Amino acid sequence: MIKQSPKRICFGILVPSSNTVLEPLTQQIVSQLDNVSVHFSRFRVLKIALDPAALAQFDNSAIIEAARLLADAKVDVIGWSGTSSGWLGFDADVKLCEEITAATGIPATTSVLGLNRLIKRLGITEMGLLTPYTDDVQSAIIENYRKLGVDCSVEHHLCQSDNRGFANISEKTLDDGFWQLAQRGAGVISVFCTGLKAAHLVDRWEAKAGVTVLDTVATVVWDMCRIAAVDTRSIQGWGILFQQC
């Protein structure tokens, strides 16, 4: 009798076209899971801003088309590894996931929905925000979390809008931003942008500062694992969120 291999779980990730960070980081995280692979599809995102052209990048029709390509690979879960609902409003991600599932038959989640689920699970009411965004985008994110009952007034942002350029922000700059938030008393900090190369820094930050860090590259992976009933406790070195099985 031929022994059957364990079922392989396939994750499908939607990627902003100009993002060069989240794919390698996500691959490294998922590599610690047995029988799980991750696959990617892109749609065009070049700039993060609140002007009409920038907001139009997140029209669901383009994202659904990218999701359909992942469906061709028969992935088990589709995740939008992006934070756009932070300024568009969280209902935008709920609607997007509903439309992805309607179009593909596959359950879906996002970085922000995963983060918000962790916020609820952990009982978080205050959260520091580390982002690369401009003043107006940052203010919109803070306001949306205020409506959710989460105070994000302890924040640090870098006033940038070039999505491709986020990848060039140095580790020192991210370190400096993190420690500013920790020294101002943030007990939970979110790196709220999947274009920042920060997820690999989280374990060190948590160990040195004694805080919880929720990086949005990681939160979508965590929530996809939850949906697919994948135990995340084998993921080491990427933050304590993966021990929230």
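Just so we're clear, the structure is a prediction, and the values are computed from it rather than from any experiment. We use all heavy atoms of the structure for the numbers below, so side chains are in, but hydrogens, waters and symmetry mates are not.
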Handout entry: CA sep, side-chain torsions, deciding dist, call: Q138, H156, side-chain contact (heavy atoms from CB on, under 4.5 Å)
Key = CA-CA 9 Å; Q138 189 81 345; H156 182 77; over 6 Å; no
Problem - Distance (rounded to the nearest 0.5 Å) between I141 CD1 and C152 SG - result: 9.0 Å
Problem - Side-chain ion pair, R233 and D231, N-O less than 4.0 Å - result: yes
Problem - Check: L214 main-chain N/O paired with S190 side-chain donor or acceptor under 3.5 Å - result: yes
Problem - Residues D76, K7: salt bridge by 4.0 Å N-O rule - result: yes
Practice task
Inspect the contact between K95 and E98 and indicate whether a charged nitrogen and a carboxylate oxygen are less than 4.0 angstrom apart.
Solution key: no
Exercise for the section: Answer with yes or no whether the hydrophobic clustering places L14 together with F90; edges join I, L, V, M, F, W, Y residues whose side-chain heavy atoms lie under 4.5 Å apart. Expected result: yes
Problem - Nearest-0.5 Å distance, CZ of residue R44 to CG of residue D59 - result: 14.5 Å
Problem - Exam field: side chain S139 to backbone D135, donor-acceptor pair closer than 3.5 Å - result: yes
Problem - Pairwise side-chain contact, L158 with T131, heavy-atom cut-off 4.5 Å (strictly under) - result: no
Practice task
Have a look at E99 and tell me which of I63, N60, V94, T104 forms a side-chain contact (heavy atoms from CB on, under 4.5 Å) with it.
Solution key: N60
Practice task
For the pair E155 and R184, find out whether any cationic side-chain nitrogen is under 4.0 Å from an anionic carboxylate oxygen.
Solution key: no
Fill in the blank from the handout: Heavy-atom closest pair (N144 atom, G86 atom, distance to 0.1 Å) is ND2-O, 2.8 Å
Problem - Common cluster, L130/L122, ILVMFWY with side-chain heavy-atom separation under 4.5 Å - result: yes
Problem - Full working for side-chain contact (heavy atoms from CB on, under 4.5 Å) between T109 and M224 - result: CA-CA 7 Å; T109 187; M224 294 172 81; 3.7 Å; yes
Handout entry: R164 CZ to T20 OG1 distance, which is reported to the nearest 0.5 Å
Key = 4.0 Å
Completion exercise
For T219 and L118 the tightest heavy-atom approach is CG2-CD1, 4.0 Å
Handout entry: Main-chain N/O of L113 paired with T110 side-chain donor or acceptor, under 3.5 Å
Key = yes
Handout entry: Separation between CZ of F242 and CD1 of I235, rounded to the nearest 0.5 Å
Key = 4.5 Å
Handout entry: S18 side chain to V45 backbone, donor-acceptor under 3.5 Å
Key = yes
Handout entry: H200 side chain near Q28 side chain, heavy-atom distance below 4.5 Å
Key = no
Practice task
Flag the pair D223 and R117 as a salt bridge only when some basic side-chain nitrogen lies within less than 4.0 angstrom of an acidic carboxylate oxygen.
Solution key: yes
Problem - Side-chain donor or acceptor of S111 paired with backbone N/O of V217 under 3.5 Å - result: no
Handout entry: Ring centroid separation F11 to F40 under 6.0 Å
Key = no
Practice task
For residues V36 and C225, determine if any side-chain heavy atom of one lies less than 4.5 Å from a side-chain heavy atom of the other.
Solution key: no
Exercise for the section: Answer with yes or no whether the hydrophobic clustering places L55 together with L46; edges join I, L, V, M, F, W, Y residues whose side-chain heavy atoms lie under 4.5 Å apart. Expected result: no
Practice task
State whether the side chain of T194 and the backbone N or O of S81 hold a donor-acceptor pair below 3.5 Å, judged by distance alone.
Solution key: yes
Fill in the blank from the handout: Scanning both residues in full, the closest heavy-atom pair of A167 with V21 reads CB-CG2, 3.5 Å
Handout entry: V211 with I240, same ILVMFWY side-chain cluster at under 4.5 Å
Key = no
Problem - Donor-acceptor under 3.5 Å (S234 side chain, Q32 main chain) - result: yes
Practice task
Could you tell me whether W80 and F43 have their ring centroids closer than 6.0 angstrom?
Solution key: yes
Practice task
Starting from the C-alpha separation in whole Å, work towards a yes-or-no answer on side-chain contact (heavy atoms from CB on, under 4.5 Å) for L96 and I64.
Solution key: CA-CA 8 Å; L96 172 63; I64 298 300; 4.3 Å; yes
Handout entry: Short side-chain to backbone donor-acceptor contact, W205 and T212, under 3.5 Å
Key = no
Handout entry: V220-L201 co-clustered via ILVMFWY side chain contacts under 4.5 Å
Key = yes
Handout entry: Salt bridge present between D72 and R68 (N-O < 4.0 angstrom)
Key = no
Exercise for the section: Return yes if some donor-acceptor pair links the side-chain N/O of Q27 with the main-chain N/O of E23 below 3.5 Å, else return no. Expected result: no
Handout entry: Whether T216 side chain and V191 backbone form a donor-acceptor pair below 3.5 Å
Key = yes
Exercise for the section: Please determine, by modelled atom types, if W238 and D215 share a side-chain donor-acceptor pair under 3.5 angstrom. Expected result: no
Exercise for the section: Could you check if a side-chain atom of S161 sits within less than 4.5 angstrom of a side-chain atom of Y133, using non-hydrogen atoms only? Expected result: no
Handout entry: Nearest heavy-atom neighbours spanning F166 and L196
Key = O-CD2, 3.8 Å
Exercise for the section: Could you tell me whether the side chain of K172 reaches within less than 4.5 Å of the side chain of D176, counting heavy atoms only? Expected result: yes
Fill in the blank from the handout: For I9 and A228 the tightest heavy-atom approach is CG2-CB, 4.1 Å
Problem - Verdict with reasoning, I106 to V75, per side-chain contact (heavy atoms from CB on, under 4.5 Å) - result: CA-CA 8 Å; I106 298 169; V75 298; 4.0 Å; yes
Problem - Q160 and T134: side chain donor to acceptor below 3.5 Å - result: no
Problem - Contact summary for E206 and G239, nearest pair of heavy atoms - result: OE1-CA, 3.2 Å
Fill in the blank from the handout: Taken to the nearest 0.5 Å, the spacing of E126 CD from I119 CD1 works out to 12.0 Å
Handout entry: Side-chain donor-acceptor pair present, D151, Y145, cut-off under 3.5 Å
Key = no
Practice task
Could you tell me the separation between the CG atom of L69 and the CZ atom of R42, rounded to the nearest 0.5 Å?
Solution key: 13.0 Å
Practice task
Report yes if the side chains of D175 and R204 come closer than 4.5 Å at any heavy-atom pair, otherwise no.
Solution key: yes
